Each structure stands twice: as structure tokens, then as C-alpha cells.
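Below is one structure, written out as C-alpha cells, with a few remarks after it.
Numbered from 1 within each chain, the chains take letters A, B, ... in sequence-line order. Source: prediction; values computed, not measured.
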Amino acid sequence: MKSPRRAAPLPVGFFERSAEIVARELVGTLIASTADGRWTLGRIVETEAYLGYDDPASHGYRHRRHAQNAALYGPAASWYVYRSYGMHWCANLVCLGEGSGSAVLLRAVEPLDGLDVMRHRRSVELVESLCSGPGRLCQALGITRSELDGRLMRGSPVEVMAAADWSGVIEATPRIGISKAADWPLRFTAAGSRFVSRRTVTSKLRAVAREHPPG
DNA sequence: GCGCCGATTGGCT
DNA sequence: GCCAATCGGCGCC
């Protein structure tokens with residue numbers, strides 16, 4: 001797999017649908033990066049949908065708009081990259097269209113090629129730790145805001161392609177690490193994959209408890 | 001204007 | 001299991 005054939009990236013129309021459907025159908029697809037001129041390839045195994053103005057967990061909730069999230073309101077099939085906790089990058093693909101504020105967060109990738117590049121970027125050896133988390137996969141694939149934010153996916157340094165040969169089972173579960181609408185089942189994973197992000201259930205339970213206090 | 005908190009991660013107890 | 005790192009937006013005084 002040293003000299004990759006460039007498969008066609010997913011068409012814009014794929015993303016002109018609700019983030020929930022796009023998030024589900026992105027599981028199993030391939031993601032290829034040429035950031036820094038170095039080739040890396042993986043399979044998306046975990047995503048989350050953020051629905052937009054009526055989703056309390058979405059950066060586009062109530063049409064919120066500021067300098068850092070302008071790309072979230074861009075056209076379908078464009079990248080929205082934001083900084084999380086002041087230190088990590090997280091990558092989203094915009095859904096529906098201009099102004100929708102809805103997107104799919106990429107949460108975990110199964111590394112397929114360019115593992116040494118990923119290991120070098122991540123300073124980690126274990127393959128299960130290279131791309132299992134939204135911040136981790138951005139680091140492994142060389143994704144930064146300046147690299148992708150606001151750019152159309154097609155023709156950008158990071159492209160997502162259909163994988164005709166993949167036929168796994170896709171599970172829907174509650175989203176991770178959020179405190180609002182924490183029980184909406186908008187997280188999609190490849191069932192049984194050892195490359196999905198690991199997270200204890202306790203933080204989730206705490207988040208739910210915060211939203212629905214006892215008494 | 002000030003303080004809190006998050007679509008996270010990694011290191012330490 | 002717990003907590004610090006780190007920073008911009010937002011709620012609140």
C-alpha cells in the first residue's frame with residue numbers, strides 16, 4: 001500500500017443530509033491524509049452527530065456564532081476544526097448546507113497505513129492508542145485548524161472515501177463527554193472494533209445526573 | 001470585568 | 001479514579 005490509488009472522495013450530496021444519517025454512514029469509510037506530505041490511511045470506526053440550532057450539545061446551538069466556529073456554518077462537505085480544552089484539535093464534516101450548523105465529529109479511526117508516521121506524530125507505539133479519540137486521530141493524521149478548517153473535503157489534504165468491501169455492524173449509543181442532551185443516541189461505532197475511543201461510563205452517568213438531579 | 005467550564009488527554013494515585 | 005493542562009466564549013455580578 002505504499003503508492004496509494006486515490007479513490008474518489010465521497011460526493012457533496014453524501015453530506016447534504018441530516019448529521020445523524022451521515023454519522024451512521026461514515027462508519028466504515030476510509031480517511032486518507034497527505035498532511036505534511038506524509039501519507040496516512042485509516043478506517044473511520046466512531047462518529048458523533050451534532051444536529052445544529054436545536055441540539056444543546058452542538059456548537060451551533062441557537063445559531064451561536066463566533067470567530068472560532070464560522071466554518072460550522074459553511075457548505076456541506078467542508079471541514080470544521082475546533083480546539084478542545086485549549087489544546088487538542090477535533091475534526092468535523094459539515095452536513096446539510098450553509099447555515100445549518102450541523103456536523104459530524106470524527107471520534108476514532110482504525111489505522112491501516114502509515115502507522116510509523118502516526119507513531120511519530122503521536123509519540124505512542126500501541127496501535128490501539130494512535131487514533132482512538134477525536135484529539136488523537138487529529139494528531140495522528142496531521143489535522144490542524146490551519147490545515148483544514150473551512151475547506152471543502154474534496155481536494156483538501158484529508159479526504160474521506162467509500163469502502164465498498166466493508167460490511168460491519170453499526171451500533172448507536174449516547175454521545176461521549178457532553179453534559180447536555182447526553183442521552184441522545186447519536187454516537188455511532190463499528191461494533192466490536194478495538195479501535196473505538198475508550199471512556200468510562202462514570203463521566204457519562206455524572207453528566208446525566210447533572211442534567212437530571214435527584215429530587 | 002471575572003470566573004467557570006468544555007464534543008480531551010495523559011499521567012499519577 | 002482523579003486531576004492538571006490551557007484558552008476562548010459565555011453567564012453572571
Side-chain angles (χ1 to χ4, degrees), chain A residues 15 18-20 22-24 26-27 31 44-74 78-96 100-109 111 118-146 148-150 158 172-189 195-211 213:
Chain A
F15 299 93
S18 82
E20 179 171 5
V22 173
R24 176 183 288 277
L26 277 177
V27 174
I31 182 167
I44 296 173
V45 294
E46 179 179 349
T47 62
E48 279 178 358
Y50 286 86
L51 303 184
Y53 68 91
D54 55 353
D55 178 355
S58 167
H59 290 177
Y61 184 48
R62 296 196 223 187
H63 306 279
R64 288 246 149 76
R65 189 162 190 148
H66 45 84
Q68 312 299 325
N69 75 351
L72 178 58
Y73 295 95
S78 55
W79 289 107
Y80 163 48
V81 179
Y82 71 91
R83 201 200 273 287
S84 174
Y85 288 84
M87 62 184 80
H88 310 289
W89 299 111
C90 294
N92 298 248
L93 284 161
V94 175
C95 297
L96 289 175
S100 80
S102 68
V104 172
L105 169 70
L106 304 183
R107 283 199 57 90
V109 162
M118 296 185 189
R119 288 192 173 100
H120 183 254
R121 285 177 175 147
R122 290 269 302 119
S123 304
V124 161
E125 288 299 314
L126 191 67
V127 63
E128 286 88 350
S129 299
L130 289 176
C131 302
S132 55
R136 291 173 171 186
L137 77 86
C138 283
Q139 191 177 21
L141 297 177
I143 294 173
T144 63
R145 177 184 288 150
S146 61
L148 288 186
D149 191 53
V158 181
T173 67
R175 294 177 290 186
I176 297 248
I178 58 174
S179 58
K180 297 170 184 164
D183 50 350
W184 298 8
L186 293 177
R187 172 179 177 250
F188 300 94
T189 57
F195 299 98
V196 302
S197 69
R198 294 222 165 269
R199 190 55 60 106
T200 58
V201 198
T202 52
S203 62
K204 172 71 62 183
L205 292 176
R206 217 180 315 161
V208 173
R210 217 178 303 144
E211 199 179 1

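Distances shorter than 4.0 Å separate none of the side-chain N or O atoms of A/R83 from OP1 or OP2 on C/dG8.
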Give me, pair by pair, the N or O atoms of the protein and of nucleotides 10-13 of chain B that are less than 3.5 Å apart, along with how far apart they are.
from	atom 1	to	atom 2	distance (Å)
B/dG10	OP1	A/R122	NH1	2.7
B/dG10	OP1	A/R122	NH2	3.1
B/dG10	OP2	A/R136	NE	2.6
B/dG10	OP2	A/R136	NH2	2.6

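Taking every heavy atom of both residues into account, A/A103 and A/A19 meet most closely at O-CB, 3.6 Å. Taking each heavy atom of A/G135 and A/H88 in turn, the nearest pair found is CA-CB, 4.1 Å. Between A/L96 and A/S18 the shortest heavy-atom distance is CD2-N, 3.8 Å. Counting all heavy atoms, side chain and backbone alike, A/L72 lies closest to A/G60 at CD2-N, 3.5 Å.
Using a 4.5 Å heavy-atom threshold, the side chains of A/W184 and A/P56 count as touching.
Distance CZ (A/R107) to C1' (B/dG6): 13 Å, rounded to an integer number of Å. Distance CG (A/D149) to P (B/dA7): 17 Å, rounded to an integer number of Å. For the pair A/Y85 OH and B/dA7 P, the computed distance is 6 Å after rounding to whole Å.
Nucleotides B/dT13 and C/dA5, compared at atom P, are 14 Å apart to the nearest Å. Going from the P atom of B/dC4 to that of C/dC3 covers 16 Å, rounded to whole Å.
In summary, the side chains of A/Q139 and A/R122 do present a donor paired with an acceptor at a separation below 3.5 Å, with no hydrogens or angles considered.
Among the protein residues, A/E48 comes within range of no part of the nucleic acid, since none of its heavy atoms lies under 4.0 Å from any strand.
Stacking of A/Y50 onto the six-membered ring of B/dA7 is present: less than 5.5 angstrom between centres, less than 30° between planes.
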